[in-house]
Number of protein chains: 2
Amino acid sequence: MDINKLDEFAKKMIFEAGKRIREAFSYDLVVETKSGANDLVTNIDRETELFFIEKIKASFPQHKILGEEGMGEDVKSLEGPVWIIDPIDGTMNFVKQHRHFMITIGFFVDGVGKLGYIFDVMREDLFHAIEGQGAWYNDSPLRQLQPVPLEEAVIGINATWVTPNRLVNHEKMTELVHTIRGTRSYGSAAMEIAYVVSGKLDAYISMRLAPWDIGGGTIIAKEVGAITTNLKGEDCNLLSKDTFIIANPSIHHRILNEYIEEK
Amino acid sequence: MDINKLDEFAKKMIFEAGKRIREAFSYDLVVETKSGANDLVTNIDRETELFFIEKIKASFPQHKILGEEGMGEDVKSLEGPVWIIDPIDGTMNFVKQHRHFMITIGFFVDGVGKLGYIFDVMREDLFHAIEGQGAWYNDSPLRQLQPVPLEEAVIGINATWVTPNRLVNHEKMTELVHTIRGTRSYGSAAMEIAYVVSGKLDAYISMRLAPWDIGGGTIIAKEVGAITTNLKGEDCNLLSKDTFIIANPSIHHRILNEYIEEK
């Protein structure tokens, strides 16, 4: 398998899918109809996933595909070559904002990340990585993340997690918010991951994400030195939902140790 | 005073300032130097405000100018024609993200908003309004905001305000977060206001904003039916810092009445 050729294949497929989604927005009136909007989203989500599946199966019939919409196989192991796909991450942004939603894809072989992509569809911004070769923001190489003191960090956290909730001690989380420089919340996990790997945020924390939300991002993260784990500090499990943190390596340990207390 | 000519004047000035800021980013290495970055920001912020002041004074020497950087007059009243200017709203985004910062300008005559602008500098997206004539997103008219149930609303709130703080009852705020569909936080008041007037968010709440953060936005808001007040429900004071809410008219009253309790 020539990984650089596979990278070209994947990028071409992603750009084409993005173009199709942008074109679907030209039916503006349909999108604006509230009840119609949900159907349209579901349709575009499914059509895009199906588009990826058909493209991949046509060229690589032996590859497995795990997708959010569940139109691929019921993938039970990461053995062999596996694509993990989210055709539209940030569905509510898609419906309401017509921006800030991402296509994100990871390609793994025997569980090892080889190719990762996060594509901001409306902005046509691609964050991507090839294992061992580096990561790029469009055509510019992404640099290794530089250390940042926690007190100067800007972190992606949804306000929900600093309110009483079933999953995490929100008082500890509140301490974190009071310690750092600021928080952001964009409504798309893939977007927040893309911002961490490119140094626009210093960490992103979520209590519940699926493999397709993070698959592509974990591969890009590795190339720039960002650390991705669940909130116990364990490697991300790419076969089931779990907690998630991606962080600049200088603050990952301290966030987990001092501010995260799962219930 | 021909308000449409003044609108052309303002747009031209804003686009030119945006171009200058984008060009300043080409000195990439300088921006990336941490200590250098703060100076650069301060410089660009000041230079941009000075650029606006010079442009306005050259054509309209009798107009007053209130700007964030304090390079205009010490404006004590809104009598006569007054420009309220924030050359860069979202400074931390500017430094860290190189995106998500806005130029925002309001033009008032005897305290009545006549022209409002919010310009996403990197995306080159302009939200603007002319009193009584309507509001636009670039060349497309912005429509009147349609009612939204609070339970389906997506609201801009920084996580800080759902943690214990000196200004507002955070438990009430927490109830609000648990009631609505979702929250976002972008780190630029003007950006969040632009999102509300264009229906991408349904409200935005902040505990402390300055006149230059909201001046332009309040004028755009009026044209699409969005309501802007302080958190007591009073008209925004454009001469001093205050609390702030902009909301879809269907939820403004309910948010203030049921969920906001100032300390």
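Naming: A, B, ... by sequence-line order, numbering from 1 per chain. Below, all heavy atoms of this structure are taken into account, side chains as well, without hydrogens, waters or symmetry copies. What you see is a predicted model; the values in this text were computed from it and never measured.
A:I255 is listed as a side-chain neighbour of A:I245, based on a closest heavy-atom distance under 4.5 Å. Under the 4.5 Å side-chain criterion, counting only non-hydrogen atoms from C-beta, B:I246 is not in contact with B:I214.
Ring planes of A:H100 and B:H100: tilted class, angle from 30 to 60°.
A:I205 CD1 to A:F244 CZ: the interatomic distance, rounded to the nearest 0.5 Å, is 10.5 Å.
Remark: B:K172 does not engage B:E258 in a salt bridge, criterion side-chain N to carboxylate O under 4.0 Å. The residues B:R254 and B:E151 are annotated as salt-bridged, a charged nitrogen and a carboxylate oxygen being separated by less than 4.0 angstrom.
With chain A as partner, the option from B:H178, B:R123, B:M92 having the largest number of non-hydrogen pairs under 4.5 angstrom is B:R123. Ranked by heavy-atom pairs under 4.5 Å with chain A, the first of B:M173, B:R181, B:Q97 is B:Q97.
Proximity to chain A at a heavy-atom threshold of 4.5 Å picks out B:M191, B:Y195, B:G199, B:K200, B:L201, B:D202 from residues 191-202 of chain B, in numerical order.
Contacts between B:H170 and chain A at a heavy-atom distance below 4.5 Å are absent for every atom of the residue.
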Can you check side chain to side chain contact (heavy atoms under 4.5 Å, CB included) on A:K232 and A:E262, steps first, answer last?
CA-CA 8 Å; A:K232 292 182 172 59; A:E262 286 187 79; 3.4 Å; yes
